[in-house]
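Quick note on labels: first sequence line is chain A, next is B, and so on, each numbered from 1. Just the heavy atoms: all of them, side chains too, but no hydrogens, waters or symmetry mates, feed the values below.
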Amino acid sequence: MKKIVLSFMAIMTLGFIVAQTPEEKGLEIAKAAEKADTGFKSSTVNIKMTLKNKNGQTSERLLTTKTFELTADGDKSLIVFNSPRDVKGTATLTFTHKKGSDDQWLFLPSIKRVKRISSNNKSGPFVGSEFAYEDLSSQEVEKYAYKFVAEKGNLLLVEQDPVDPKSGYTRRLVTYNKDKGYRIEKVEFYDRKNSLLKTLIYSDYNVYKGKFWRAGTFNMVNHQTNKETKLEFNDYNFEINLTEEDFSQVALKRAGK
Amino acid sequence: MRMKFKKIVLVSFLTVYGAVFFVDAQSKETGKEKFTQEFELEINGEYRYFYDTAQFEGQASQFPAIALTPKYTIEWNKGRESINFTGFIRFDRDKNRTHADVRELYYQRAKNNWELNIGLKKVYWGVTESNHLVDIINQTDVTESFDGEEKLGQPMVQFTWSTTNYGSLDFFYLPYHRKRTFNGEKARLRFSTVIDKDAITYESAAKEWRQDLAVRWSHYIGAFDIGVSHFYGNGREPLISFDQLGNMNAFYPVINQTGVDLQATHNAFLWKLEAMYRSSKLQDFTAVVAGVEYTFSNIDGNGLDIGVLGEYLFDDRDELALSGLQSDVFFGSRIAFNDVNDTAILIGGIVDLEKSSRIFSVEASRRIGDSWKAVIEGRIFNGINSQDVFLINFREDSFLKFSISKFF
C-alpha cells in the first residue's frame, strides 16, 4: 500500500513538472515579464494623449510621468498635466500596493490644495479617454489570476482575471513577446458581460539601458463606442536617478506649481 | 488701489531680492545652467446679476467685470530651483473689488528632503469642503470669493523638512500681515456700513509688521492623513462689533490658533474632520467641521461620477462668528461627467439647525475647445434670520454669475 501511494505521488510530481497546468504557466509568464523589467529604478517620460471621438474629432492632453520602482511593494508614480491649460498643474501622486487599494493624492493648483482621493474608481475613464484608471496603474503580478492560452511562435497568449471585484473587466487577453524581454504587444479587454470592449496595441518599441522595453505608442480602440485614444511617449529618461523623496506630497505640490 | 499695489510690490520686491541674490551666487558656482521658462495668461470676463432689490443705499445689481491672471515660471538646476510669479488684476464696477494683487512671487529651492520658499506664496491646509477652519496662512480675498477660497499672497519664509516615516514639518516665518479688503459701496455682499480696511486697526503695536510664526506637522499612515498646526500672530479675521449708533469698532487681534485636520480614506468613503481652537485677549473659541464624502463612480459605465457630501459645522462664538456658521449642516453633490470637456456640476446647501437661515449654491463648468472654460454659478440666500447679525446683511444678495476664461 505504501508503495502504491509513493509511486502515485511520484507520478503526480512528475506530471507536475512535465505537464504544467495552464494557470501555472500563465503565472510563470507574468513573473518572467516582471523579472525582465526589474531594476529600472526610476524613469521620466512625456506623454501626448490624443482623444478621438467616433466622428474623428480629436483633442490633446500633455502630461509628464515620473515612476519610482519598488520591489517589496508596488511602484510610486507622479503625473503632472501640462495641457489643456485650464487644468495645467493638476497632478496626482499614486502609491500602488501589491495587495489592497492604492493610495492616491490629487493636487489642485488653483487653490494649492492636496486632497487624498479614493482609489476605488478603477473602471472609470482617465480624463475622458478610453483608458480606465486600472489600465494605467502599475501592473503588479498579484493583481490578476492567470491562465496560459496559446503559443504562436514567439508570442504567448495569457488570460488575466482581475483579483479586484471593482475592476471593469471579467478578463484581459494579453500577448507577450518572449523573445523581446516578455514585452506586451497587445491586450484585449472583455467587459463585465464578457464581450470584447477594447483592444490596446503597443508599438514603436525601444530598448533602454539594454534591457527595458518601452513602447513609444499605445493605441486603445473601444469597439463598443468606436472611440480611440493614442498615447505617444517621448523623451524617456532612465538616467534621472529619482529618489523616494521625489514622490512625497511636498514633491507633488512642487511638481504642480 | 495704486497705494495698496505699491505696498505689495515693495514687500514682494524686498523678499525676492534676497532670494535672487542667493540664486545669482549659486549659478556662478555651477557655471552652465539650463533654464526653462514659461509664461501663461488667463483672461476672464464675468457678469454677476443680483436679482433682488438692494437692501442698502448705493448698491448696484449688475456687475460686469474683467480679470487678468498672468503667470511666469523660470526653473533651473533640474527643476530644483525656480522663481514663480502669479499676478491678479480685477476691474469691476465696485471700486474695492477693482484690485490688483501679487498672488505669488517666490524663490524655491528643493534638495533631498527639504524645501525652502522665500517670497509671496499661497499655502493651503485642510480637508473639508464647506468651511476651511485650519487654513490660516493667507488672507482671504473677500471681494473675489464668498466661499473664502481666493487668497491674497502672503510674504513668508517657508522651510519644509520631510521624512518618509515621520511625515513632514513646515516652519513659517511671516513678516507682514495683509489686511482684508471688504466690498465697497456699490457692491453687494457687504454690511450696511462700508468697511474701510484702513479703519481696521491692530492690537499689536507693530501693526502689520508684527513678525508672525506658524508650524505644521503632517503625515499619512495607511488610510489616515493627519495635520496638526499652530499659528501665533496677527489674526486673519478682524474682530468686528457695532455700538448702539451703528458705529463699527474693528481690529485684528493677536491670536494663537491650534488646528487639527484628519481624513480617513476607506473605499469610496472620505471621512473628514477639521477642528481649531483660537485664543486672544478678547475671545477664546472652538470651531469644528466634520463630515463624509462618498463617490458613486462610473455609474453608467461611461464615466459618470456622483459624489455626495455631508458636513456638520460648529462654532462656539455663536452669532459673532463672521462666517455665520454656528451650528449648521452642509450637504452637497459633485457630479463629474469625466468627458473630454471635463463637465462638472457642484450643488450645495448650508442649513442653520437652530434658525431658518439657508444658503444654496450651484456651479456648473466645462471646457470649450482646448483653451476656453465656461462657468455658471448661482448662490441663493433664503430665510436669513434677523439674529444672524452678519448674514442678515446679505439677505437680498442672491445672485447668478456667468464667467468665461480664455487661456494663453
Side-chain angles (χ1 to χ4, degrees), chain A residues 51-53 57-61 82-90 95 100-101 103-105 107-129 132-133 166 168 191-192 197 224-225 227 240 243-251 253-255 257, chain B residues 40 42 71 73 78-80 82 84 104 108 110 112-115 121-127 135 149-151 160 162 164 168 170 218 220 222-223 225 263 265-270 293-295 297-298 301-305 337-342 365 367 369-373 405 407-408:
Chain A
L51 286 69
K52 193 153 102 186
N53 70 12
Q57 288 165 315
T58 59
S59 60
E60 268 178 28
R61 279 140 187 54
N82 296 315
S83 89
R85 296 233 107 135
D86 64 309
V87 295
K88 189 177 186 302
T90 304
F95 296 174
S101 46
D103 299 328
Q104 198 162 46
W105 292 266
F107 177 69
L108 301 162
S110 59
I111 57 169
K112 310 287 169 193
R113 176 175 176 181
V114 173
K115 186 180 179 182
R116 172 87 171 261
I117 53 174
S118 162
S119 60
N120 217 42
N121 182 9
K122 306 243 168 190
S123 62
F126 177 70
V127 294
S129 75
Y133 285 96
K166 291 183 292 261
D191 68 12
R192 280 276 157 211
L197 175 66
Q224 297 180 3
T225 61
K227 290 197 264 185
I240 188 142
T243 64
E244 212 152 0
E245 276 115 18
D246 295 307
F247 296 84
S248 65
Q249 288 184 49
V250 179
K253 282 182 255 188
R254 192 160 60 232
K257 172 173 78 181
Chain B
E40 293 161 62
E42 177 187 347
K71 226 178 146 177
T73 301
K78 291 175 186 163
R80 297 193 188 278
S82 62
N84 306 278
E104 295 199 304
Q108 180 177 77
N112 301 331
N113 60 345
W114 60 262
E115 185 189 277
K121 194 170 181 263
K122 278 205 287 188
V123 170
Y124 185 93
W125 297 346
V127 293
D135 186 35
E149 285 189 350
E150 294 294 329
K151 297 288 179 182
T160 307
S162 58
T164 316
S168 62
D170 271 300
S218 59
Y220 113 92
D225 284 70
Q263 182 177 312
T265 307
H266 180 67
N267 293 329
F269 282 102
L270 311 180
E293 177 173 348
Y294 183 87
T295 305
S297 54
N298 199 17
N302 233 333
L304 175 68
D305 293 345
F337 292 86
N338 287 307
D339 55 344
V340 174
N341 297 316
D342 277 338
S365 63
R367 178 168 48 248
D370 275 337
S371 60
W372 294 82
K373 190 183 178 179
S405 284
F407 297 85
F408 296 95

**Student:** So, for A:Glu245 and B:Asn112, which heavy atoms are closest and what is the spacing to 0.1 Å?
**Tutor:**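 In this case the closest contact between A:Glu245 and B:Asn112 is CB-O, 3.6 Å.
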**Student:** Counting heavy-atom pairs under 4.5 Å with chain A, which one of B:Thr73, B:Asn84, B:Val123 comes out on top?
**Tutor:**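 Heavy-atom pairs under 4.5 Å are most numerous for B:Asn84.
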**Student:** At a heavy-atom separation under 4.5 Å, does B:Gln263 approach chain A through its side chain, its backbone, both, or neither?
**Tutor:**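 Side chain only.
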**Student:** Rounded at 0.5 Å granularity, tell me how far CH2 in B:Trp372 sits from CG in A:Asp86.
**Tutor:**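 Atom-to-atom, B:Trp372:CH2 and A:Asp86:CG are 12.5 Å apart.
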**Student:** Considering only heavy atoms, which portion of A:Ile111 lies under 4.5 Å from any heavy atom of chain B: side chain, backbone, both, or neither?
**Tutor:**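 For A:Ile111, the contact with chain B is made by backbone and side chain together.
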**Student:** So do B:Thr295 and A:Ser118 actually touch side chain to side chain, heavy atoms under 4.5 Å?
**Tutor:**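 A side-chain contact under 4.5 Å is absent here.
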**Student:** More than 12 non-hydrogen atoms from neighbouring residues, nucleotides or ligands closer than 6.0 Å to CZ on B:Arg80, yes or no?
**Tutor:**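 Counting other residues, nucleotides and ligands, CZ of B:Arg80 stays at 12 neighbours or fewer.
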**Student:** Measuring from atom OG of A:Ser129 to atom CG of B:Asn338, what distance do you get when rounded to the nearest 0.5 angstrom?
**Tutor:**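 That separation rounds to 9.5 Å.
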**Student:** Is A:Ile240 in contact with chain B via its backbone, its side chain, both, or neither, using a 4.5 Å heavy-atom distance?
**Tutor:**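 When you check distances to chain B, no heavy atom of A:Ile240 falls under 4.5 Å.
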**Student:** Can you tell which part of A:Phe95 gets under 4.5 Å to a heavy atom of chain B, answering side chain, backbone, both or neither?
**Tutor:**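 A:Phe95 touches chain B through side-chain heavy atoms alone.
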**Student:** Heavy-atom distance under 4.5 Å to chain B: side chain of A:Thr243, backbone, both or neither?
**Tutor:**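 Contact with chain B is absent: no heavy atom of A:Thr243 under 4.5 Å.
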**Student:** Quick check: closest heavy atoms across A:Asn120 and B:Ala268, and the distance to 0.1 Å?
**Tutor:**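 Distance-wise, the nearest heavy atoms are ND2-CB, 3.5 Å.
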**Student:** Would you please name every residue forming a ring pair (Phe, Tyr, Trp, His ring centres under 6.0 Å) with B:Phe407, sequence neighbours left out?
**Tutor:**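 By the ring pair (Phe, Tyr, Trp, His ring centres under 6.0 Å) rule, B:Phe407 matches no residue at all.
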**Student:** Show the numbers, then the answer: is there a salt bridge (charged side-chain N to carboxylate O under 4.0 Å, His left out) between A:Lys115 and B:Glu293?
**Tutor:** CA-CA 12 Å; A:Lys115 186 180 179 182; B:Glu293 177 173 348; 3.2 Å; yes
**Student:** Checking heavy atoms, do the side chain of A:Asn53, its backbone, both or neither come under 4.5 Å from chain B?
**Tutor:**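 For A:Asn53, there is no contact with chain B at all, as no heavy atom is under 4.5 Å.
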**Student:** Answer with side chain, backbone, both or neither: which region of B:Asn113 has an atom nearer than 4.5 Å to a non-hydrogen atom of chain A?
**Tutor:**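 For B:Asn113, backbone and side chain are both near chain A.
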**Student:** Between A:Ser83, A:Ser101, A:Ser123, A:Gly168, which has the largest tally of heavy atom pairs under 4.5 Å with chain B?
**Tutor:**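 It is A:Ser123.
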**Student:** What residue, out of B:Glu150, B:His266, B:Lys122, B:Lys121, has the most heavy-atom pairs lying under 4.5 Å from chain A?
**Tutor:**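 Looking at each option in turn, the highest pair count goes to B:Lys122.
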**Student:** What pair of heavy atoms forms the shortest contact from A:Asn121 to B:Asp305, and how long is it?
**Tutor:**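 Heavy atoms of A:Asn121 and B:Asp305 come nearest at ND2-OD2, 3.6 Å.
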**Student:** Tell me, side chain or backbone of A:Asp103 under 4.5 Å from chain B's heavy atoms, or both, or neither?
**Tutor:**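 Just the side chain, heavy atoms under 4.5 Å.
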**Student:** Between A:Pro125 and B:Gly303, what is the shortest heavy-atom contact and its length?
**Tutor:**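 Looking at all heavy atoms of both residues, the closest pair is CD-CA, 3.2 Å.
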**Student:** Distance from A:Ser110 atom OG to B:Glu42 atom CD, nearest 0.5 Å?
**Tutor:**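 Those atoms lie 9.5 Å apart.
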**Student:** Is A:Lys112 in contact with chain B via its backbone, its side chain, both, or neither, using a 4.5 Å heavy-atom distance?
**Tutor:**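 When you check distances to chain B, atoms from both the backbone and side chain of A:Lys112 fall under 4.5 Å.
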**Student:** Restricting to non-hydrogen atoms, name the atom on B:Ser162 and the atom on A:Val250 that form the minimum distance, rounded to 0.1 Å.
**Tutor:**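 Where B:Ser162 meets A:Val250 most closely, the heavy atoms are CB-CG2, 4.1 Å.
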**Student:** Can you find a pair of side-chain heavy atoms, one from A:Pro84 and one from B:Arg367, that are under 4.5 Å apart?
**Tutor:**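 With C-beta onward as the side chain, the pair touches.
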**Student:** If you take all heavy atoms of B:Gly126 and A:Arg113, which pair is closest and at what distance?
**Tutor:**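 Where B:Gly126 meets A:Arg113 most closely, the heavy atoms are O-NE, 4.1 Å.
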**Student:** Considering only heavy atoms, which portion of A:Arg61 lies under 4.5 Å from any heavy atom of chain B: side chain, backbone, both, or neither?
**Tutor:**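 The answer is the side chain of A:Arg61.
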**Student:** For A:Thr225, is it the side chain, the backbone, both, or neither that has a heavy atom closer than 4.5 Å to a heavy atom of chain B?
**Tutor:**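 A:Thr225 has no heavy atom closer than 4.5 Å to chain B.
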**Student:** Cut-off 3.5 Å, side chains only: do A:Trp105 and B:Asp225 have a donor facing an acceptor?
**Tutor:**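 Yes, because at least one side-chain N or O of A:Trp105 sits under 3.5 Å from a partner of the opposite role on B:Asp225.
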**Student:** Check whether B:Thr160 gets within reach of chain A through its side chain, its backbone, both or neither, counting any heavy atom under 4.5 Å.
**Tutor:**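 Answer is side chain: those atoms of B:Thr160 sit under 4.5 Å from chain A.
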**Student:** Can you find a heavy atom in the side chain of B:Asn267 that is under 4.5 Å from one in the side chain of A:Lys166?
**Tutor:**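 Yes. Closest side-chain heavy atoms under 4.5 Å.
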**Student:** Look at B:Lys71, B:Glu104, B:Glu115 and state which one has the largest set of heavy-atom pairs under 4.5 Å with chain A.
**Tutor:**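 With the most close heavy-atom pairs to chain A, the winner is B:Glu115.
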**Student:** Tell me, for B:Ser82 versus chain A, whether the close heavy atoms (under 4.5 Å) come from the side chain, the backbone, both or neither.
**Tutor:**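 Side chain only.
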**Student:** Which atoms of B:Phe408 are under 4.5 Å from chain A, going by heavy atoms: the side chain, the backbone, both sets, or neither?
**Tutor:**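 Contact with chain A: backbone only.
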**Student:** When rounded to the nearest 0.5 angstrom, what distance separates NZ in A:Lys88 from CD in B:Glu40?
**Tutor:**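 If we round to the nearest 0.5 Å, A:Lys88:NZ and B:Glu40:CD are 4.0 Å apart.
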**Student:** So what's closer than 4.5 Å to chain A heavy atoms on B:Ser168: side chain, backbone, both or neither?
**Tutor:**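 The answer is the side chain of B:Ser168.
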**Student:** Find the distance between OG1 (B:Thr265) and CZ (A:Arg116) and round it off to the nearest 0.5 Å.
**Tutor:**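 Going from the OG1 atom of B:Thr265 to the CZ atom of A:Arg116 covers 4.5 Å.
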